[in-house]
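Any value given below was found using the heavy atoms of this structure, including those in side chains, with hydrogens, waters and symmetry copies removed. Naming convention: chains lettered A, B, ... in sequence-line order (proteins, then strands); numbering from 1 in each chain.
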Protein chains: 2
Amino acid sequence: MEKKKMDRPIVRTRRLIRDAFTGLMEEKGFEAITVSDLTEKADINRGTFYLHYKDKYDLLEQSEGEIFEELDRIGEEAWKAVNQNYTNDLQVEQPLPFVIKLFEFLEENFEFMKVILGPNGNPSFQVRLKEFIKKKMLYKFSNFMNEENMVIPLDYLVAYVSSAHLGVIQCWLESGMDRSPQEMAHMLSQTTFWGPAHVAGLRKN
Amino acid sequence: MEKKKMDRPIVRTRRLIRDAFTGLMEEKGFEAITVSDLTEKADINRGTFYLHYKDKYDLLEQSEGEIFEELDRIGEEAWKAVNQNYTNDLQVEQPLPFVIKLFEFLEENFEFMKVILGPNGNPSFQVRLKEFIKKKMLYKFSNFMNEENMVIPLDYLVAYVSSAHLGVIQCWLESGMDRSPQEMAHMLSQTTFWGPAHVAGLRKN
DNA sequence: TTCTATTTGTTGATTAGTAAACAGATTTCA
DNA sequence: TGAAATCTGTTTACTAATCAACAAATAGAA
């Protein structure tokens, strides 16, 4: 059963609140924000805020929750795309469709992601995002690798690669997205496949 | 008696409509716009449009009307500022406070002014704006000039200077406001005082 | 010219947001 | 420590926007 589409004022009001939230978080950090700040910046009645959120912590929770809901959906779509192509012979050095879609999603939510992952953001969000990336990669790597052949344990490898991805994401957001999502995904897959030393020109084989 | 402040939803809805109007005018020109276009782009209910405007011609009329209301107010403020300073000895080559405020106003309403004065805009608005500038200048010049000393009739002079101002305004808007309102006002007053030939370096005295 | 598609202008019941007020809690300042 | 300022959470009656539908008008296509 399809979820009833939200009426326009609800969508509009929440967007106003979220945009104000993002701006204030960048400006003064989450802790210093008040509900009065939010509704003043969003230019809505203070009582209206409480029609949508319990308090500012609820706003943070729901905002981050929606990000991960969308990321889950992106992960599923990317997986379906791979399955529907019936081409399991793509090389491991090709960008994962998921990673391309991830960067596209980041581009669409640039302001919020830049702030939440920035110095005035929420450290636990960063942790959560890294866990999410790890989970996706663990699943993907498990289908390709034989643990007997590995020089280091799989979970350490995935920790390495997912942290690297997160660092690159943050660098990209801070730069104001100076490269396209496709370029970013390609860059990451190249570095992951050949290794940082190789792509830095320090090692040849 | 102070006019009652409009409730937020009214202000918000009208801004949505005006912004959509500006965007569509630039994209396809006034004639090609439909009310359905407007409310789709503004993301409001079509019936809501009719709560605010009779039809799209009413929207145009009210939009332009507000511009001139604001311009009138700016003209009065500028005049008061001059009077309150008790300094009637400012030189005629100094930028008029009104012209500075005019450019600041244009900057605040950049999108709309660029469109309405552009190729897809409304020619009659341009005429109206020029008349407005002429009226302000006629008033100002009348206070400074002795018609006996003039080489050409005052109304022709004012037509020359006001048309020049409008042309410069349009150039500025098309360039995306590459200079500050203060710079623009100064440039205009210099050119007006010394004459185009002088400021072009073609004539010295 | 006729038919189809789109737009218009309006309507009514409902939803969502609103202004303003209130009491209590928290923060800031002297 | 106490006073003042600010913020919070809630409330109520009202306003504004909403969805969806309808009939008529207009525009576009065949």
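- In this structure, the nucleotide among C:dT8, D:dT8, D:dT18 sitting nearest to the side chain of B:Thr34 is C:dT8.
- By the 4.0 Å N-to-carboxylate-O rule, A:Glu131 lies too far from A:Arg128 to be salt-bridged with it.
- Salt bridge status for B:Arg8 with A:Asp43: present, with a side-chain N to carboxylate O gap under 4.0 Å.
- Closest contact between the side chain of A:Arg46 and the listed nucleotides C:dT7, C:dG17, C:dC22 involves C:dC22.
- Look at CD1 on A:Ile10: it is 12 Å from P on C:dT18, rounded to the nearest Å.
- Taking the charged nitrogens against the carboxylate oxygens, B:Arg73 and B:Glu70 do have a contact shorter than 4.0 Å, which makes a salt bridge.
- If you find the closest nucleotide of DNA chain D to A:Lys56 and to A:Pro9, the one lying nearer the 5' end belongs to A:Lys56.
- In this structure, of C:dT8, D:dC19, C:dT18, it is C:dT8 that holds the atom nearest to the side chain of B:Tyr50.
- Between D:dT8 and A:Ser36, a contact under 4.0 Å exists linking OP1 or OP2 to a side-chain N or O.
- To the nearest angstrom, P of D:dC7 lies 16 Å from CD of A:Glu31.
- Outside the 6.0 Å centre-distance limit, the rings of B:Tyr156 and B:Tyr160 are not counted as a close aromatic pair.
- Judged by distance alone with a 3.5 Å cut-off, no donor-acceptor contact links the side chain of A:Asp7 to the base of C:dA16.
- Which of C:dT8, D:dA17, C:dA16 sits closest to the side chain of B:Thr48 comes down to D:dA17.
- A straight line from CZ of A:Arg12 to C1' of C:dG17 spans 11 Å, rounded to a whole angstrom.
- At least one side-chain nitrogen or oxygen of B:His52 sits closer than 4.0 Å to the OP1 or OP2 atom of D:dA17.
- Distance from the side chain of A:Val35 is smallest for D:dT8 among the nucleotides D:dT8, C:dT8, C:dG17.
- At whole-Å resolution of the value, CD1 in A:Ile33 and P in D:dT8 are 11 Å apart.
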Task: Worked check of ring pair (Phe, Tyr, Trp, His ring centres under 6.0 Å) between A:Phe132 and A:Phe125 - done: CA-CA 10 Å; A:Phe132 175 84; A:Phe125 182 85; over 10 Å; no
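- Between the CG atom of A:Leu51 and the P atom of D:dT8 there is a distance of 16 Å, rounded to whole Å.
- Across the interface with DNA chain C, nearest-nucleotide mapping of B:Asn45 and B:Asp37 shows B:Asp37 to be the residue nearer the 5′ end.
- Rounded to whole angstrom, the span from the CD1 atom of B:Ile44 across to the P atom of C:dA16 amounts to 18 Å.
- Taking atom OH of residue B:Tyr53 and atom C1' of nucleotide C:dG9, one finds them 17 Å apart after rounding to whole Å.
- At a cut-off of 3.5 angstrom, the base of C:dG17 holds no donor-acceptor pair with the side chain of B:Arg8.
- Taking atom CE of residue B:Met6 and atom C1' of nucleotide C:dA19, one finds them 15 Å apart after rounding to whole Å.
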